[in-house]
Amino acid sequence: MSEPVTIAQSDFSTCELSDALLKLGVPHGGHIPDVHRITSHSHSERLCGPAYTVRLVLASDRDAPKLLQDHFVDLAPQNSVVFISVPPGAQNAVWGGLMTAGAQARGVLGAIVNGRVRDTAEHHSAGFTVFARGTSTVGQAPFTRAAEVQVPVTVNRDAERDGGLPAVTVSPGDILVADDDGVVCIPRRWNRGFAGGHARTQSRCAMFEGYSIGYSRCRKLQAPPQ
């Protein structure tokens with residue numbers, strides 16, 4: 001029997017992880033919609049690590065808690081992935097070049113922002129991986145502020161009401177995986193529940209190779225005589 005492997009130790013793509021989560025009864029497949037790669041070392045790089053969650057609110061929200069400690073970046077654990085929940089209507093950036101510098105100094109793996117970022121060239125230059133819904137030229141103040149860190153945050157509520165995928169809750173320590181196809185959240189309790197990743201990949205590669213050979217043969221059969 002294959003020994004259980006962590007998600008970070010495996011080579012599962014986000015598509016394969018979503019397929020597995022759907023089969024396990026997770027209705028959204030762990031997918032966090034509309035978040036895509038902004039910067040990274042390379043487009044083949046996969047971001048994977050435990051979530052350090054940050055909940056932002058509109059600056060006008062007087063009922064939400066206030067983060068009285070240091071800046072939320074200064075509280076990020078080493079080898080974590082910063083996940084920022086942003087109010088759906090916010091059009092300002094909530095992650096910039098100074099935050100990337102601070103995150104790298106703390107050994108953070110990357111940032112996933114359910115909102116907008118800026119200073120794209122600085123993230124590129126630093127080789128820091130950032131996923132987001134888009135970019136903006138205006139910064140966080142005076143539009144949004146940090147309310148809480150390391151609390152469960154729920155995203156995609158509006159889309160669910162409009163017939164989209166169900167909302168996704170990201171809790172501290174959940175495993176976030178991001179690649180060119182998007183972002184998937186795997187509940188922390190299932191981190192070691194995926195086994196045999198390399199065998200699965202070899203099987204998948206063989207299947208694609210078979211498809212390729214079959215397609216080539218079909219093309220040859222259909223080719224006109226020389």
Side-chain angles (χ1 to χ4, degrees), residues 7 12-40 43 45-61 63-64 72 80-95 109-118 120 129-138 140 143-191 193-194:
I7 298 299
F12 291 106
S13 70
T14 53
C15 295
E16 291 165 327
L17 290 169
S18 279
D19 288 346
L21 289 170
L22 286 169
K23 289 180 180 178
L24 289 169
V26 178
H28 45 61
H31 179 52
I32 299 173
D34 302 324
V35 177
H36 59 276
R37 188 191 303 273
I38 302 294
T39 60
S40 64
H43 280 285
E45 182 183 33
R46 186 187 75 150
L47 176 62
C48 178
Y52 163 68
T53 61
V54 181
R55 185 171 79 92
L56 300 187
V57 297
L58 295 176
S60 59
D61 187 343
D63 295 326
F72 65 80
S80 65
V81 174
V82 176
F83 182 84
I84 303 179
S85 168
V86 183
Q91 295 183 319
N92 59 290
V94 300
W95 187 273
L109 300 176
I112 299 174
V113 181
N114 192 48
R116 301 171 189 265
V117 301
R118 70 175 187 171
T120 304
T129 301
V130 177
F131 282 72
R133 293 174 67 94
T135 59
S136 177
T137 60
V138 296
Q140 182 161 307
F143 307 103
T144 53
R145 64 175 179 83
E148 298 174 287
V149 299
Q150 292 297 65
V151 295
V153 293
T154 301
V155 298
N156 206 44
R157 283 195 175 110
D158 289 349
E160 181 180 14
R161 286 195 292 265
D162 294 335
L165 291 173
V168 181
T169 297
V170 180
S171 296
D174 284 352
I175 305 304
L176 294 168
V177 183
D179 59 22
D180 279 343
D181 287 310
V183 179
V184 171
C185 175
I186 298 97
R188 183 179 183 177
R189 66 184 182 277
W190 287 345
N191 185 27
F194 293 79

- Message: Any heavy-atom pair between the side chains of Asn156 and Ile32 that's under 4.5 Å?
- Response: no
- Item | Close side-chain approach of Leu56 and Ile84, heavy atoms under 4.5 Å | yes
- Message: Ser171: which residues meet the side chain to side chain donor-acceptor pair (under 3.5 Å) condition with it, sequence neighbours left out?
- Response: none
- Query: Any side-chain heavy atom of Val149 within less than 4.5 Å of one from Tyr52?
  - Reply: yes
- Message: With a 4.5 Å cut-off on side-chain heavy atoms, are Pro33 and Leu165 touching?
- Response: yes
- side-chain contact (heavy atoms from CB on, under 4.5 Å) between Val35 and Asn114: does it pass, once the steps are laid out? CA-CA 7 Å; Val35 177; Asn114 192 48; 3.7 Å; yes
- Query: Where do Val177 and Leu47 land on the side-chain contact (heavy atoms from CB on, under 4.5 Å) test, with the steps shown first?
  - Reply: CA-CA 6 Å; Val177 183; Leu47 176 62; over 6 Å; no
- Task: Determine whether Val130 and Trp95 make a side-chain contact, defined as any pair of heavy atoms from C-beta on separated by less than 4.5 Å.
- Result: yes
- Query: How close do Cys48 and Val81 get, heavy atom to heavy atom, and via which atoms?
  - Reply: C-CG2, 4.2 Å
- Item | Taking every non-hydrogen atom, the tightest pair across Val153 and Ser85 | CB-CB, 3.7 Å
- So how far is it from Ser40 OG to Phe131 CZ, rounded to the nearest 0.5 Å? 6.5 Å
- Message: Suppose we screen for side chain to side chain contact (heavy atoms under 4.5 Å, CB included). Which residues come up paired with Ser136, at least two apart in sequence or across chains?
- Response: Ala93, Arg116, Val138
- Message: Within the 4.5 Å heavy-atom criterion, are Thr39 and Arg37 side-chain neighbours or not?
- Response: no
- Message: How long is the straight-line distance from CZ of Arg133 back to CG of Asp34, given to the nearest 0.5 Å?
- Response: 4.5 Å
- Item | Leu21 and Ile186, any side-chain heavy atoms less than 4.5 Å apart | yes
- Test side chain to side chain contact (heavy atoms under 4.5 Å, CB included) applied to Ala64 - qualifying residues, sequence neighbours left out: Arg55, Val57, Asp61, Arg145, Ala147
- Report yes if the side chains of Phe83 and Val155 come closer than 4.5 Å at any heavy-atom pair, otherwise no. yes
- Sequence neighbours excluded, which residues qualify as side chain to side chain donor-acceptor pair (under 3.5 Å) partners of Thr154? Thr169
- Donor-acceptor contact below 3.5 Å, side chain Arg46 vs main chain Phe12: yes
- Note on the structure: Thr144 meets the side chain to side chain donor-acceptor pair (under 3.5 Å) criterion, sequence neighbours left out, with Asn92
- What are the two closest non-hydrogen atoms of Val184 and Ser18, and how far apart are they? CG2-OG, 3.4 Å
- Task: Using the test side chain to side chain contact (heavy atoms under 4.5 Å, CB included), find all partners of Asp181 that sit at least two apart in sequence or belong to another chain.
- Result: Thr14, Cys15, Asp179
- Task: Measure the spacing between CG of Leu176 and OG1 of Thr53 and express it to the nearest 0.5 Å.
- Result: 9.5 Å
- Query: Taking only residues two or more places apart in sequence, or in another chain, which ones meet Thr129 in a side chain to side chain donor-acceptor pair (under 3.5 Å)?
  - Reply: Glu45
- Who are the side chain to side chain contact (heavy atoms under 4.5 Å, CB included) partners of Pro50, not counting sequence neighbours? Ile175
- Item | Where at least one partner belongs to residues 22-31, residue pairs that pass side chain to side chain donor-acceptor pair (under 3.5 Å), sequence neighbours excluded | none
